Structures are given as structure tokens and as C-alpha cells.
Colleague: 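For reference, the structure I am asking about is given below.
Please read these numbers as outputs of a predicted model, since none were measured by experiment. Within every chain, numbering begins at 1; the chains are lettered A, B, ... in the order of the sequence lines, protein sequences first and strands thereafter. Below, all heavy atoms of this structure are taken into account, side chains as well, without hydrogens, waters or symmetry copies.
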Amino acid sequence: MATQKLTEYEIKRLENIRRNDEMLAALQLHAKASLLSNASKRQRDGSAKSYKVSPAKKPKETETPTVIRRSLRTRGMPPDSNCLDADSNENSDKTTLNQASISREKTSPCVLGPLKMRDAYDGTGSDRAFIDTLLSFERETEIGKVKSDNLNCGIKIEKREFEGRVDLESMSLEPENIARIMPGRIMTVRFLPQSDVNIVAAGNKLGNVAFWNVDSKGEKDNGIFLYRPHTGPISGILFQQSCLSKIFTSCYDGYLRLMDAEKEVFNLVHSCDDAIFCLSQHPNDVKSLYFGEGRGGLSVWDDRTGSVSSQWTLHEDRINTIDFNPQNPNIMATSSSDATVCLWDLRKVDAGKPKSLKIVNHERAVHSAYFSPSGSSLASTSFDDTIGILSGVNFEDTSRVQHSNQTGRWISSFRATWGWDDSFVYVGNMKRGVDIISLDQRRVIKTLQSPHMTAIPCRFHAHPCRVGMLAGATAGGQVYIWTSS
DNA sequence: ACTGAACTTATAGAT
DNA sequence: ATCTATCCAGTTCAGT
């Protein structure tokens with residue numbers, strides 16, 4: 001009996017080993033193939049699958065080739081390759097090469113230069129309407145810009161122009177505000193910071209970025225536009241209040257791209273050897289992009305000079321989020337898989353020995369640390385099944401709210417996300433609900449649930465201009481938009 | 001201190 | 001209704 005069991009166990013184990021070996025072999029084949037040519041080949045084994053973006057659409061290739069990420073430097077190319085400047089980048093040979101490889105395969109290509117939106121677009125129809133929509137905001141802000149100070153363009157990201165508390169009881173999920181906008185697991189979801197439209201952008205694990213105009217119901221593609229600008233998990237999407245037609249995206253593939261709707265390209269802004277795990281923008285200096293790179297690294301990209309202006313090692317493991325205090329933008333919070341949250345004073349972070357203002361210790365990896373809208377509190381979410389609340393004039397008060405954050409492998413980690421004021425944070429739970437934690441009461445005071453929510457919402461964003469409008473994204477490419485009447 | 005393996009978990013799409 | 005592929009997260013444990 002005992003020997004029988006042991007044998008079964010052994011068989012299972014060997015089977016596991018065999019499968020792992022196969023997977024590794026596949027990965028290595030990919031790596032070699034992509035080194036030989038940019039045009040990625042399909043996986044050689046039977047695991048090739050097709051996928052439907054939505055039931056209504058026809059099958060799509062989702063195979064994201066595992067590509068060895070190489071910086072321009074290691075490829076012997078000059079840094080940045082003028083990619084920042086879209087005008088100077090009619091870089092014919094590179095562009096045509098890219099086009100060729102993309103049209104052959106509908107996978108995310110490994111493109112070291114600007115990638116045309118047309119080539120990255122994955123849809124049956126045209127994305128013209130969507131691009132025009134983005135550009136229309138641009139014209140609106142142009143008018144505003146001329147009137148106001150164009151010297152200080154974009155002083156604020158996501159300025160909140162409203163009063164009043166959200167009425168939690170009136171929050172509901174209407175069936176028309178649900179859509180599967182992309183395949184795969186969503187890593188990040190963001191509302192376009194524009195008060196008169198409801199557009200969300202989401203990035204998934206496969207390197208896709210999808211946009212959904214929530215209000216264009218019944219229109220072609222249901223207002224959903226899917227692009228494939230990257231080859232790995234999307235770690236950040238950044239809108240800029242001052243220029244809504246330019247959208248930054250960051251990826252584990254080590255690339256930082258700038259989608260420019262005007263030029264209709266995904267420019268390559270920056271590439272590095274390490275994975276980029278998060279992306280943020282300094283509130284007072286929108287030309288400074290902060291991103292977490294590799295194991296504990298934080299880099300600052302200066303969009304004026306087109307180069308990395310600072311590089312620090314701030315943590316012992318990957319940095320999962322970077323956030324700035326709205327009250328005092330010199331204060332930055334980082335959360336890391338090294339189980340800590342750190343507060344930094346940017347004026348004091350030296351190149352040599354960065355010293356944090358404060359360290360909050362969790363028991364396990366910390367997946368997020370976000371400042372409240374007013375900047376007076378900080379909420380951190382950790383695998384140790386707590387949500388940390390940091391408050392007080394000098395952030396000297398710490399407290400914990402118990403919350404199960406065991407998402408496992410297939411669900412993106414939970415990140416407690418602030419709403420429209422300092423009252424509540426919103427965080428997913430494994431029972432397909434949205435837990436609402438009251439800052440005052442330090443506990444879950446309500447859980448949003450709906451029979452329409454058929455999967456676990458794990459990543460959230462509150463509409464920066466609309467109280468009560470909350471987007472939740474799932475591991476299956478769905479987005480739920482909760483609204484308040 | 002490091003490396004690698006096992007184990008956990010949910011979902012969409014295929015059967 | 002049931003089955004299965006997913007496969008770079010994080011942790012624990014076993015072995016160097």
C-alpha cells in the first residue's frame with residue numbers, strides 16, 4: 001500500500017518535472033528564435049492556442065512570444081534612438097522592418113523603435129474614431145492652455161474638481177457597464193482624467209493595452225480598442241492631464257513607451273535590461289517619470305533631456321508601486337516585495353546612500369502603498385493579510401486592518417485603492433466582492449457585490465472626476481464600472 | 001546565502 | 001456540467 005502510494009507520488013512528480021522541462025525548453029527556443037530574427041515564430045508545440053477577444057469577435061492570436069529583452073545599449077545602438085522625438089523618427093529601415101514583422105504575425109512584436117498604432121492595433125474595424133476622440137480632448141485642452149499659462153503646462157495630474165462624499169449605498173453595477181475588453185489577466189486599469197467622458201485603459205499580462213469608451217454602447221466594437229505595444233506584462237499606464245493624447249506605458253519587457261495619438265505611434269521612450277514593475281509621475285514635474293526597475297531599483301526618466309536622470313536602489317526586492325504625496329510632492333512612497341513601505345524625501349535622496357524618512361514593516365510582500373487624496377494618510381496592502389494605514393502629521397501613526405489578500409497565482413494581487421476623498425479605500429476580495437474600508441473605523445464597512453460580477457475584481461481605479469465611478473478589473477480581462485446615482 | 005522545486009489559487013474556453 | 005491550460009507570484013522547504 002505504502003509503496004503503491006509512493007510510486008504514484010513519484011509518477012506525479014516525474015510528470016511535473018517533465019512538464020517543467022518542456023516549458024523551459026519552449027522558453028529557450030523562443031529566446032533563440034527571437035535572437036535570430038525579430039519576427040517571432042509561433043511556439044512549436046501543441047500548446048498553441050487561439051483566443052476570442054470577446055464572444056462576438058473572431059479568434060485572435062494571443063501567443064505572446066517570450067522575447068529576450070535587450071536594451072539598445074546591448075544591441076550596440078545609440079540610446080533612445082531619437083524615439084522621444086516623433087518628428088525625427090521617420091527611421092525608415094527600422095520602421096519598415098517592424099511593419100513587416102507585425103503584418104506577418106499578430107503577436108506583440110519586439111520592436112526597438114516606434115511602433116505604429118496601426119500595426120499594433122488588433123481589431124476588425126478601424127480605430128480612427130477612437131484616435132479622433134483622443135485628439136478632440138487635445139483640442140479642448142489646447143484652448144484652455146492658450147488661455148492659461150502654457151509655461152506651467154500640466155502642473156497637476158488629475159486635479160479633483162468636486163465636492164461631496166460618495167454615497168456608498170447608491171453604488172451599483174449595471175450590466176451595460178461590464179465588458180471583457182481584452183484577453184488575459186489585467187494588471188492595471190486607469191480612467192482617462194477627463195470629466196465629460198468615461199474611458200478606461202487597461203493593460204494585461206500579455207502586453208496588450210485596451211481602451212474602452214464606456215458610453216459608446218452598441219457602437220462598432222462596443223467602443224473597445226485593443227493594441228499590442230508590448231511583449232510582457234503591462235506594469236503601468238500613465239495619462240497626462242495636460243495632454244490626453246499622449247499616454248505612457250511601462251512593461252516587464254523593460255520598455256517604456258509613449259502612445260502618441262497625434263502621430264499614431266507607440267514611441268519607444270526608454271529601454272532597460274531589467275523589468276519595469278511600476279510607473280509614476282511627479283505631480284509637479286510631469287516631465288519626470290519614476291519607475292521601478294529590476295530588484296529594488298528606482299529610476300527617474302527626464303523627458304526633457306531624454307535620459308535617465310537618477311537611479312537608486314531603494315529596496316531589496318522589486319518595487320511594486322511609487323506614489324507621491326499630493327500635499328507635499330517631495331514625499332514619495334514606495335512599496336516593495338521586500339515587505340516594506342518606505343517614505344522618501346526627494347530632496348534628500350542621494351545617489352550614494354538613499355535614506356528613507358520612514359519604513360513601515362509588513363510581514364510579507366507589499367503590493368501597494370497609496371496616499372489618500374488629501375495626502376494625509378497612506379494605505380498599504382500586503383500579502384501578510386493586512387492593510388496598513390499610516391497617518392498623523394509626520395506619518396507616525398500606524399494601524400492595521402485585517403484583510404485576506406491571498407490571491408494566489410492567477411489573480412493579480414490586491415491593492416487597496418483610495419476613492420474620491422479620505423474616507424474609504426476599495427479592495428477586492430476572493431469572494432467576488434469589493435470591500436470598502438472606512439479610514440475612521442479601520443474596518444470593512446461594506447462590500448460591493450453583484451450577480452453580474454462573475455470574477456474577482458483585483459485592480460481598481462476611481463474616476464478622478466466622477467464621484468462614485470469605480471473601475472474594477474479581473475484576471476479574465478473584464479472591467480466592471482460601478483456607478484453612483 | 002543562495003537555488004530550485006512544490007504548492008497555492010481562479011478563470012475562460014474547450015470538451 | 002466538467003475538465004484543463006494557464007506558467008516570471010510568493011512562499012516554504014530541501015538541498016547545496
Colleague: Over how many whole Å does the gap from Met430(A) atom CE to dA9(C) atom C1' extend?
Modeller: 12 Å

Colleague: OP1, OP2 of dA9(C) versus side-chain N and O of His367(A): anything below 4.0 Å?
Modeller: no

Colleague: Compare side-chain N and O positions of Arg180(A) against OP1 and OP2 of dA12(B) and report whether any pair is under 4.0 Å apart.
Modeller: yes

Colleague: Can you tell me how far P of dT12(C) sits from CG of Asp384(A), to the nearest Å?
Modeller: 11 Å

Colleague: For Arg318(A), give me all partners under side-chain contact (heavy atoms from CB on, under 4.5 Å), at least two apart in sequence or on another chain.
Modeller: Tyr252(A), Phe277(A), Asn320(A), Ser337(A)

Colleague: To the nearest Å, give me how far apart CD (Glu316(A)) and C1' (dG10(C)) are.
Modeller: 17 Å

Colleague: Please state how far atom CD1 in Ile411(A) lies from atom C1' in dG10(C), giving the value in whole angstrom units.
Modeller: 15 Å

Colleague: Identify, with sequence neighbours excluded, every residue that meets ring-ring contact (aromatic ring centres under 6.0 Å, His included) alongside Phe225(A).
Modeller: Phe130(A)

Colleague: Rounded to whole Å, how long is the line connecting atom NE2 of His362(A) with atom P of dG10(C)?
Modeller: 14 Å

Colleague: Using whole Å, report how far NZ of Lys205(A) lies from P of dA12(B).
Modeller: 15 Å

Colleague: Would Trp410(A) count as stacked on dT6(C) if the rule is ring centres under 5.5 Å and plane angle under 30°?
Modeller: yes

Colleague: What's Ala475(A) touching, base or sugar-phosphate or nothing? Going by heavy atoms closer than 4.0 Å.
Modeller: nothing

Colleague: Starting at CZ of Arg459(A) and ending at C1' of dT11(B), how long is that distance when rounded to a whole Å?
Modeller: 16 Å

Colleague: Look at Arg432(A) and dT11(B) and indicate whether a side-chain polar atom (N or O) is within less than 4.0 Å of OP1 or OP2.
Modeller: yes

Colleague: Given dA6(B), is OP1 or OP2 found less than 4.0 Å from the side-chain N or O atoms of Arg409(A)?
Modeller: no

Colleague: Could you work out the separation of dA14(B) and dC7(C) based on their P atoms and round it to a whole Å?
Modeller: 15 Å

Colleague: If the cut-off is 4.0 Å, is Thr407(A) near the phosphate of dA10(B), judged by side-chain N/O to OP1 or OP2?
Modeller: no

Colleague: Which residues pass the salt bridge (Lys or Arg N to Asp or Glu O under 4.0 Å) test with Glu169(A), not counting sequence neighbours?
Modeller: Lys446(A)

Colleague: Have a look at Glu363(A) and say if it touches a base, only the backbone sugar-phosphate, or nothing, with a 4.0 Å heavy-atom cut-off.
Modeller: nothing

Colleague: With no hydrogens and no angle check, just 3.5 Å: does a side-chain donor-acceptor pair link Ser399(A) and Arg442(A)?
Modeller: yes

Colleague: Counting only side-chain heavy atoms from C-beta out, which of dT12(C), dA10(B), dA9(C) sits nearest to Arg318(A)?
Modeller: dA9(C)

Colleague: Can you confirm whether Glu176(A) is buried at CD, in the sense that more than 12 heavy atoms of other residues, nucleotides or ligands lie under 6.0 Å from that atom?
Modeller: yes

Colleague: Where each pair must be Watson-Crick or G-U wobble with both distances under 3.5 Å, what dot-bracket representation of DNA chain C is obtained, with crossing pairs in [ ] and other-strand partners as |?
Modeller: ||||||..||||||||

Colleague: For Ser337(A), answer base if it contacts any base atom (sugar-phosphate contacts may also be present), sugar-phosphate if it contacts only those atoms, and nothing otherwise; contact means non-hydrogen atoms under 4.0 Å.
Modeller: sugar-phosphate

Colleague: Starting from C1' on dT6(C), measure out to CG on Leu206(A) and report it in whole angstrom.
Modeller: 10 Å

Colleague: Pick the nucleotide of DNA chain C nearest each of Arg364(A) and Phe277(A); which residue has the one closer to the 5' end?
Modeller: Phe277(A)

Colleague: With sequence neighbours left out, write down each residue that passes ring-ring contact (aromatic ring centres under 6.0 Å, His included) with His367(A), or none if nothing qualifies.
Modeller: Phe383(A)

Colleague: Are Gln406(A) and dA9(C) close enough that a side-chain N or O sits under 4.0 Å from OP1 or OP2?
Modeller: no

Colleague: Listed by chain and number, what are the side-chain hydrogen bond (donor to acceptor under 3.5 Å, both in side chains) partners of Gln449(A), not counting sequence neighbours?
Modeller: none

Colleague: Please verify the inter-ring angle class for Phe414(A) with His403(A); under 30° counts as parallel, over 60° as perpendicular, anything in between as tilted.
Modeller: perpendicular

